[in-house]
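Following: one structure in structure tokens, then a few remarks.
Heads up: numbering here begins at 1 and tracks the sequence.
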Amino acid sequence: MTALDQYFEEIRGKRVGVIGAGVSNLPLVSMLCAAGISVTVHDRKTGEELGAVYEDLQAHGAAFSLGEHYLDTLDEEIVFRTPGLHPNHPALEQVRARGGEVTSEMELFFRVCPCRIIGITGSDGKTTTTTLTYEMLKHAGCTCHLGGNIGAPLLPEVPKMQAADFAIVELSSFQLMGMQYSPDIAAITNLTPNHLDYHKDFAEYVTAKTSIYTHQKAGSRLVLNSDDRETRMLDISGDHRILTCSKMVKPDNGVYLREGMIYIAEDGKDRELMQAADIRIPGAHNVSNVMMAAAIVQGLCEDEDITEVAKTFGGVAHRIEFVRTVRGASYYNDSIASSPTRTIAGLNSFEQKVILIAGGYDKHIPYDVLGAPICAHVKTLLLTGATAPKIRACTEQADAAEKPEIFELPDLAAAVSKAHELAEDGDIVLMSPASASFDCFKNFAERGDCFKKLVCELPE
């Protein structure tokens, strides 16, 4: 009997509630129903709004509590929360107070996964680092499963997984908060203010992120970016095997950069890995991402697997993704840049000043760090969304001799149209919002797809 089968056997006869009929929870509900477990789906949307999802889950045998008061009937013995619902929400506190269990789809995956788990989190770069790690191990001939905050849910893949496989999982602060399990190999790319509309403060956000290693077993690998101030200041207790990555300091164990060459440091001995200039994806931040991935896979694949992927990997969709050249102007989609630091990294990837499209949903994070980089790297600033006034203000208040011309537009379509009007031969148009997408889109991928569609429809 597998760990997943055993879990289903343990909870059979108990009532289970699943909050949220989103992508990550749909397979969970189906699997619970198939195992003969009584499941109620709680969602703010109505059955009509859920549409085919409602009909499909109903066909599987799920019951529903829908609409505005969807949490009022949360009386099940086991409750799976959606990552978007804070684990300290009053409705979940009431579940715990009466002796119920609050867990999540991701926590269940960690509990029953039969293979080694590599978990990667951070404020910036985690998607690229996760994907690079996956590609490096796959190049080495390993059977890998990619998911978590990117890709498809991994729980349905558990029956197919073997002990020798690897599950490579990108983890958000929403998923990590309250988790009682940690991956075999954990990595934190960096820590900067983010999602402060969800977390009560930056300290809570850091606590959520660092829980990725809180429950690691003795000797488990922890990979950290020692160039990041917040990550460097972490007070880490426990018997971890720590590997660090740095562009400035040579570690005893980890990966570092010196005079354009990336080195592997292992127990005080160094060896050359590759020239940083040979990394295909542009930008200094992507050198850091490759270094992080190289540290994560140490001992799991050969250096040749690392370098081959680094030299050929074209990047993640929606991360400085080339879309099209129109009338000599090149358009790039950087929709994944949902924070100021990500947009700064995108701006630093180009040698010339760009036409920047930015703005979106307000996560209540500071934008003051964005003003100077915009003035240094942007010739025209096109703003949309709730964060437009914040980005305008930090740009206008920046201590800079030259400042970009600023336009505020009603939506992304208007911004793309304005960029097309202004762009000249040789210009770069970069959509890098520095903001979340939830004002107009369900996620950054939908926003990026919309941008690409708008650009592809532009006339020559």
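- We find the OG1-CZ distance between T380 and F407 to be 6.5 Å, quoted to the nearest 0.5 Å.
- At a threshold of 4.0 Å, the pair R319-D334 counts as salt-bridged, since one of the basic side-chain nitrogens sits closer than that to a carboxylate oxygen.
- Across D303, N253, V223, a single residue satisfies side-chain contact (heavy atoms from CB on, under 4.5 Å) together with Q298, and that is D303.
- A salt bridge links D427 to K379: at least one charged side-chain nitrogen sits closer than 4.0 Å to a carboxylate oxygen.
- A salt bridge does not link K418 with E408: none of the charged nitrogens is closer than 4.0 Å to a carboxylate oxygen.
- Note: F444 and H318 have perpendicular aromatic rings, judged against thresholds of 30 and 60 degrees for the angle between ring planes.
- Remark: the backbone N or O of T244 is not paired with any side-chain donor or acceptor of S226 at under 3.5 angstrom.
- The residues K209 and E204 are annotated as not salt-bridged, no charged nitrogen and carboxylate oxygen being separated by less than 4.0 angstrom.
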Working for salt bridge (charged side-chain N to carboxylate O under 4.0 Å, His left out), residues K269 and E266
CA-CA 5 Å; K269 297 180 180 180; E266 192 169 11; over 6 Å; no
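- By the 4.0 Å N-to-carboxylate-O rule, R392 lies close enough to E396 to be salt-bridged with it.
- Ion pairing between a basic and an acidic side chain is recognised when a charged N comes within 4.0 Å of a carboxylate O; D425 and R327 show no such pairing.
- Salt bridge status for D270 with K250: present, with a side-chain N to carboxylate O gap under 4.0 Å.
- Salt bridge present: E321 and K452 bring a charged side-chain N and a carboxylate O closer than 4.0 Å.
- No more than 12 heavy atoms of other residues, nucleotides or ligands sit less than 6.0 Å from atom CD of E402.
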Could you go through the salt bridge (charged side-chain N to carboxylate O under 4.0 Å, His left out) check for D124 and R342 one step at a time?
CA-CA 6 Å; D124 307 312; R342 288 189 176 193; 3.4 Å; yes
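- We find the CG-CG distance between N149 and N443 to be 10.0 Å, quoted to the nearest 0.5 Å.
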Run the numbers on F166 and H145 for ring pair (Phe, Tyr, Trp, His ring centres under 6.0 Å), then give the verdict.
CA-CA 6 Å; F166 290 95; H145 310 270; 9.7 Å; no
